Asks: 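There's a structure below that I have some questions on.
Quick caveat, the model's predicted, so the values are computed rather than measured. Every chain is numbered from 1 and lettered A, B, ... according to where its sequence line falls, protein lines coming before strand lines.
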2 protein chains.
Amino acid sequence: MDLSERQKKLLAAIIERYIATGEPVGSKTLVDALGMPVSPATVRNEMAALTAKGLLEQPHTSAGRIPSGAGYRYYVDHLMKQYDLSPVEKRILDAKLRTASGDSRQVLETAGNLLAEMTRCAAVSTTPSDAAAVVRRVELVPIGARTAMVVVLTSSGIIKSRVCRTDAEITVDMAETFYNIVNDNFLGKPTAAMTVAKIQTLAVSLGEKTLQMTPLLVTLAQLAATTEHTQMLLEGQSNLLGYREYAQNAFELMDFLRHAEPLDRVFSEAPHSADGKPSVVIGKENPYRELQNSSMIFGKYAIAGHESGTIGLIGPTRMDYARLIPSLQYLTEIVGKILSDSVEE
Amino acid sequence: MDLSERQKKLLAAIIERYIATGEPVGSKTLVDALGMPVSPATVRNEMAALTAKGLLEQPHTSAGRIPSGAGYRYYVDHLMKQYDLSPVEKRILDAKLRTASGDSRQVLETAGNLLAEMTRCAAVSTTPSDAAAVVRRVELVPIGARTAMVVVLTSSGIIKSRVCRTDAEITVDMAETFYNIVNDNFLGKPTAAMTVAKIQTLAVSLGEKTLQMTPLLVTLAQLAATTEHTQMLLEGQSNLLGYREYAQNAFELMDFLRHAEPLDRVFSEAPHSADGKPSVVIGKENPYRELQNSSMIFGKYAIAGHESGTIGLIGPTRMDYARLIPSLQYLTEIVGKILSDSVEE
DNA sequence: GTTAGCACTCTAAACACTCGAGTGCTAATT
DNA sequence: AATTAGCACTCGAGTGTTTAGAGTGCTAAC
């Protein structure tokens, strides 16, 4: 698909104007607003050509043009000039995220909130996960006579903890047995191996002594499960209501977003550029019907060098790609950096 | 306000029908649907009487009646027959909540989700808090050479933890100093006393040795802060989009809900019945304009006997009070019970 | 006290009409 | 050969009018 220089300029102008206003762009408006050194008629001819190539669409005969999916795609791939965040904005983001640091979920939550606020889109993110992770450390923190906190640390730096209540009192002896069981059976093994089933067979084979501590072990298994099963976080969905294009089917989309599971699949199925650049999925390119008049931008964040989770944006197809892509990219970077901090080098 | 038996019956019928259909109820429809042993004309007379008393309203002269705020209020206070959850439903709720147990936030989140799902309303909840809480225990869990997890337990049973990274290596000696500082200064004191400012003056007075551990102490202060500042959780806001009455101003309401702070105030300001029954705020009774065509039902849950947080429902004024009130009540009870489990007796 | 009957009211839907932004084509201009 | 002015045409959004129907209030009869 080759376009003349003028066509490129025009296409970019049309798309940018449509993104800004949300209304079909007509030839006259375009010439007036952009001060192009040509007449509306010329512009009309070019627009007809671009329409023929499938880059523009006409809602009806006597309306202006709006970009087609292919139009956006061409724009994103070839025309768009990305607008990076200013150093000041970056510093503000940094600061806000740092204060949330500590719990990965909280970092992602604030990241999502910031992103939603900045972009007026819905922000989605998945908590870190690493299927190949290995159990690196388990700790039992006494809280009360019959309550303890179980802490798991994996090789990929994920830390999870949960409070657990046992039927019997937790003695030093019992804690020791717990550590022994853990050391013998789970340390250095993949988290996936630490299942409830495995623990039950273990409890049987070890006999009476372990009976009182099954709650502890079960909690451990549950924690292991959460390190694998990634959670989805969704922020700022209400932003979408501000856009004309969602006036009718807002409910459908929101309902879709609320059921995290398919979204999770969207991310893993979608093509993602290898080089750390965010991926863009535009309108109909999307496999799910509910998302076909939306676009998504998403990128992976890496903890200690491993791609661990995704942060994404969902908004109308006429989103401001030129600004949002760099914003998202910066955020994935900084989130990765912050989350890596809790992993030992 | 005294009504005849027939008027009561009629009012209840009108409200219930309006709740179900969302459309103004006319005299004929009412007689047909309810098989009342009177004619539409009689019903009309009674309706006129109820309108005169301010319990019903007419959108326009030739439409049916809809309940007024006062009408709902009368219904909720005097007419409504509450529908409890069935034992089966209760058991299902129980089970689902139990699996989330461990982290109070997670319990509330699932509770909110379940509530939203069941009621098709938005569910709000606040994490437990207790201003009078005292620091009962602090633990430092080693994670790596320079990473540790700080755990705080308060007298009201709130447990919070966060991972912290220090500049220097964490030695046994250092941990001991940390415990000493904590024991001497914070244990048994209110969480509110454990502020960053306090910690800084402390660090100065104790000199060099504590310098390396300020990150740990700061984390501690942050944790203390989170035990006081309650968080708001909001689930199922998209449910609201399903109702006709929110067609236009959905955005306004959602935006209001998203900014948790005022909602927090709503809960604390609103009158709450003393006896553990949920409170109901109907339409215009609400102090905030954005909520004035919504109703709220909310109740407090208690951890170990102390009222600790709120769970609430927000929906259109024509919500199904008869079912939602008992559902909410049951949920506050069970959430309180589950959260109390992690507190020692 | 209840009910049938009837005139009255108001909304929502259907329809006709106008206005204007925008188009595509053709012929003139550079 | 590319550009542009001119012009007839299209279509949607907005406006006024009409009509059907649901629902009401009132009166007089039961």
Asks: In residues 50-69 of chain B, which ones come under 4.0 Å of DNA chain C, going by heavy atoms?
Replies: B:H60, B:T61, B:S62

Asks: Should the pair A:F256 and A:Y288 be assigned to parallel (<30°), tilted (30 to 60°) or perpendicular (>60°) ring geometry?
Replies: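 Ring orientation of A:F256 relative to A:Y288: tilted.
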
Asks: Under a criterion of less than 4.0 angstrom to any heavy atom of chain B, what are the 5'-terminal and 3'-terminal contacting nucleotides of DNA chain D?
Replies: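 Contacts span D:dA22 to D:dG25, reading 5' to 3'.
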
Asks: Tell me, please, which residues at least two apart from B:T126 pass side chain to side chain donor-acceptor pair (under 3.5 Å).
Replies: none

Asks: Could A:K81 and A:E16 be called an ion pair, given the rule that one side-chain N must be under 4.0 Å from one carboxylate O?
Replies: no

Asks: Quick one: which of B:R44, B:R65, B:E46 gives a side-chain hydrogen bond (donor to acceptor under 3.5 Å, both in side chains) with B:S27?
Replies: B:R44

Asks: Please report, to 0.1 Å, the donor-acceptor pairs under 3.5 Å made by any side chain of residues 118-125 of chain B, with sequence neighbours excluded.
Replies:
{"from": "B:T119", "atom 1": "OG1", "to": "B:L115", "atom 2": "O", "distance (Å)": "2.7"}
{"from": "B:T119", "atom 1": "OG1", "to": "B:C121", "atom 2": "N", "distance (Å)": "3.2"}
{"from": "B:R120", "atom 1": "NH2", "to": "B:N239", "atom 2": "OD1", "distance (Å)": "3.2"}

Asks: Angle between ring planes, A:Y321 versus A:Y72, binned at 30° and 60°: parallel, tilted or perpendicular?
Replies: tilted

Asks: B:S294 and B:Y246: side-chain donor and acceptor closer than 3.5 Å?
Replies: yes

Asks: Classify the ring geometry between B:H78 and B:Y74 as parallel (under 30°), tilted (30 to 60°) or perpendicular (over 60°).
Replies: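 Ring orientation of B:H78 relative to B:Y74: tilted.
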
Asks: Between A:E285 and A:R73, does at least one N-O distance fall below 4.0 Å, as a salt bridge requires?
Replies: yes

Asks: Do any of residues 41-49 of chain A sit with a heavy atom less than 4.0 Å from DNA chain D, and if so which?
Replies: A:A41, A:T42, A:R44, A:N45

Asks: Check side-chain contact (heavy atoms from CB on, under 4.5 Å) between B:A63 and all other residues, then give those that pass, not counting sequence neighbours.
Replies: B:P59, B:H60

